Amino acid sequence: MSSYDEKTDNAVTALQQNVEMFFVTVESQTGLPECAYSNHISFYQQSKVAVSSIAVRARAIPDNDITVEQVELLKNSLNMLQQLHQLGCFTPGQVENLRTSFNSSITAILKLELAKRRGS
């Protein structure tokens, strides 16, 4: 198991804030033309860059396979979110389910990093 990495912790926390801002935004746009995927392309681009950076850093740390796997799952979830959004706007129920899913994935990554810091 690798050691705690503060930069990974901070980057994942920043990503969570951006994802939550996205969900708050699309939730407030329900039924409005602004909810369309085309209005949120920059979120997907920025998030993909952030996840890619986290993944590259995670892979560079020896004995960090679990974190690498978790980040890859998060990357796949982001790609699926994008594909779903391209099909149409999200309903409030979809937003809540998606938010829960992303928060669970991000929490798992952060819990592992924090456990590494404690030496667990």
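One-based numbering along the sequence shown. The shown structure was predicted, so the numbers you read here are calculated from the model rather than taken from an experiment.
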Take Lys75 and Val71 through the test side-chain contact (heavy atoms from CB on, under 4.5 Å) and record every step on the way to the result. CA-CA 6 Å; Lys75 181 179 174 182; Val71 173; 5.6 Å; no

Using side-chain contact (heavy atoms from CB on, under 4.5 Å), reason through Leu98 and Phe22 one step at a time and then give a plain yes or no. CA-CA 11 Å; Leu98 291 164; Phe22 168 76; over 6 Å; no

Is there a donor-acceptor pair under 3.5 Å between the side chain of Asn39 and the backbone N or O of Glu34? yes

Does Ser101 use its side chain to pair, donor to acceptor, with the backbone of Asn97 at less than 3.5 Å?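 Between the backbone of Asn97 and the side chain of Ser101 there is no qualifying donor-acceptor contact (under 3.5 Å).
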
When rounded to the nearest 0.5 angstrom, what distance separates [atom1] in [X] from [atom2] in [Y]?
X	Y	atom1	atom2	result
Ile106	Gln70	CD1	CD	11.5 Å
Tyr37	Leu81	OH	CG	10.0 Å
Leu87	Gln82	CG	CD	11.0 Å
Tyr4	Leu114	OH	CG	6.5 Å

Taking everything shown except Ile66 itself, do over 12 heavy atoms lie less than 6.0 Å from its CD1?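 Result for CD1/Ile66: open.
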
CD of Gln86: more than 12 outside heavy atoms within 6.0 angstrom? yes

For the hydrophobic clusters of this structure (ILVMFWY residues joined by side-chain heavy atoms under 4.5 Å, transitively), does one cluster hold both [X] and [Y]?
X	Y	answer
Leu73	Leu78	no
Ile61	Val51	no
Ile41	Phe43	yes

Under 6.0 Å between ring centres: does that hold for Phe23 and Phe90? no

Listing, residues 11-19 side-chain donor-acceptor contacts under 3.5 Å, not counting sequence neighbours, or none:
unit_1 : atom_1 : unit_2 : atom_2 : d
Thr13  : OG1    : Asp9   : O      : 2.9
Thr13  : OG1    : Asp9   : OD1    : 3.4
Gln16  : NE2    : Asn103 : OD1    : 3.1

Do the ring planes of His40 and His85 sit parallel (below 30°), tilted (30 to 60°) or perpendicular (above 60°)?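 Because their plane-to-plane angle lies in the 30° to 60° range, the rings of His40 and His85 count as tilted.
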
Show the nearest heavy-atom pair for residues [X] and [Y], with the distance to one decimal.
X	Y	value
Ser2	Lys116	OG-NZ, 2.9 Å
Leu32	Cys35	O-SG, 3.0 Å
Asp5	Glu113	N-OE1, 2.9 Å

Ser105: which residues meet the side chain to side chain contact (heavy atoms under 4.5 Å, CB included) condition with it, sequence neighbours left out? Leu74

Derivation and outcome, side-chain contact (heavy atoms from CB on, under 4.5 Å), residues Val49 and Gln45: CA-CA 6 Å; Val49 168; Gln45 291 171 334; 5.7 Å; no

Stepwise side-chain contact (heavy atoms from CB on, under 4.5 Å) check, Glu20 with Phe102: CA-CA 9 Å; Glu20 182 60 25; Phe102 272 86; over 6 Å; no

